[in-house]
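Structure first, then comments.
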Amino acid sequence: MRAFVIGSPIQQTLSPAIFYYLSKKMQRSLEYQKKEIRPDEVDAFLAELRRAQDVIGCNVTLPLKELISGKLDDLSDEARFLGAINVISSENGALKGYNTDVVGIQKTFERFRLDLKDKEVLVFGAGGSARALIYVLGKLKLKSVYIFNPRSPRGEDLVLEAHKKFPDTIFKNIKSLHEIHSTLGLVVNSTPVGMGGSDPTEIFKFLKDLAFEKNTLAFDFVYYPQETPFMDIANKLQLKVVNGLDMLIDQALATWAIWQKESVGPYHLHDDLKEYLNKILSLKNDKLPITIVGFMGAGKTVLAKTLSNLTGRELIDLDETLEKETGMSVADIFDKKGEAYFRELEKSALALAIKKPRTIIALGGGAILDSDSLKLVKDLSYSIYLEVNETKVYERLKDQISTRPLLRGSSPEVRISQLLNARKEAYEEANLKIDTSSLTPDEVLFKLLSEWDG
Ligand code: S3P
């Protein structure tokens, strides 16, 4: 089965990591791809979706959420009120739109056992996710909701619509936080302010002048960085804080249920999935290059590609870099120029690559034989050694011996054994070692994430 996440431009998103994890844990095959779709390509994309038998659905990100909601065969109640969808399910060519922001917000409230009845709430922002929040708050019949979105008229429109749909709650669009004189029981940032470490500007500055109840929750929809600027300010005011990761996870679990036609999502996986995503976020956050070392056939390139996909780090495959640079295959460089020449190229390429931040570098099996290179790897990167035993190397490479210059000749098994023994000590210098001999590439990834201590 296949599914997509679409947007334009397609942003950094944790969705591929989440659905990768869910498909493995739930043992359902799902190929999940990011796809850049411009607004003018939406009609053609939806037509393709209606035709494709093997696509179960699609996640939708900015700026397509509203545009697409008007083009589907059916909408859930939430999606109809919100006028925006983030999930499409496809069944025999019929496309239905959902908005799982709502369930994501509800579940976060449930996790904190918040009793919001009769509470007063402040919401920063009036965009798509603020609408989802208003929907939840309106259903809970809160006393009053202040919407603060000073830079656009959207707050006014949202207040008018919310009044119509939820007459039991007072909605107020405020121009300044000083218009609030009551004690708040919940404060939410639904704007992207603070995302990716962006400047929190002045927007949260006057929070310090407001009155809060004892257990007030400060809920930031932003989840990256993990400690957001909004949470930082709220912490100083001694409020309880939560970022948007729980919400994101619950949204995805609800999406899973929609796609699998199940009535509830696999919520029992929430905590494990959170731990896994927090690892990925810290991998993403950290600037230190990650190097992957180990013998031929250990799975360095495969792991590097997956990690680059999941974390958004730039992938540098050293062998590929050299092939591009010279216009020759690695085997040709060995044959025509000799190993010493190859090693020099490899050494300079590594010295250059390792200076770049936020990369995943897959090294060739012999790259760390050079002592300067080994030092660079140790000093300037977090290194992962993918270990593999002789038998497995031979099993994995026996059909490619002709393209492996160091293994050609009458007894590749002996060569493998000699080379492995000569290199082991250098490989062992890495920060983390994973024995891949009896693991599939997915198992290697999961093991890495569970043992990661970078
Ligand atoms: C080599 C490994 C190869 C490549 C070259 C030399 C080695 O890379 O750099 O053939 O000395 O072990 P992989 O380990 O990525 O196959």
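Because the structure is a prediction, the values reported are computed rather than measured. All ligand and atom numbering here is 1-based and tracks the order in the structure.
Atom 16 (O) of ligand 1 has as its closest protein heavy atom Arg404 NH1, 2.4 Å. Among protein heavy atoms, atom 12 (O) of ligand 1 sits closest to Arg423 NH1, 2.6 Å. For atom 10 (O) of ligand 1, the closest non-hydrogen atom on the protein side is Val330 CG1, 3.5 Å. In terms of protein heavy-atom proximity, atom 8 (O) of ligand 1 is nearest to Asp319 OD2, 2.7 Å.
Distances between N or O atoms of Phe342 and those of ligand 1 include no value under 3.5 Å. Polar contact check, Arg343 against ligand 1: a nitrogen or oxygen pair lies under 3.5 Å apart.
A cation-pi arrangement, defined by a distance under 6.0 Å to the six-membered ring centre and an angle within 45 degrees of its axis, is absent between Lys240 and Phe112.
In Glu275, the CD atom is not crowded: 12 or fewer heavy atoms of neighbouring residues, nucleotides or ligands sit closer than 6.0 Å. In this structure, Glu262 places its CD atom where more than 12 heavy-atom neighbours from other residues, nucleotides or ligands lie under 6.0 Å away. Under a cut-off of 6.0 angstrom, the local environment of NZ in Lys261 is crowded, with over 12 non-hydrogen atoms contributed by other residues, nucleotides or ligands.
By the salt bridge (Lys or Arg N to Asp or Glu O under 4.0 Å) test, Asp40 pairs with Arg38, sequence neighbours left out. Partners of Glu323 according to the salt bridge (Lys or Arg N to Asp or Glu O under 4.0 Å) rule, which considers only residues two or more places apart in sequence or in another chain, do not exist here.
Close placement of the Phe219 and Phe221 rings is indicated, their centers lying within 6.0 Å of each other.
Numbered from 1 in the order shown, with element, the atoms of ligand 1 that lie under 4.0 Å from a heavy atom of Met296 read 2 (C), 7 (C), 12 (O), 14 (O), 16 (O).
Among Gly365, Ala331, Gly299, the residue whose heavy atom lies closest to atom 2 (C) of ligand 1 is Gly365.
Residue contacts with ligand 1, taken as heavy atom pairs separated by less than 4.0 Å, involve Leu406 solely via side-chain atoms from C-beta onward.
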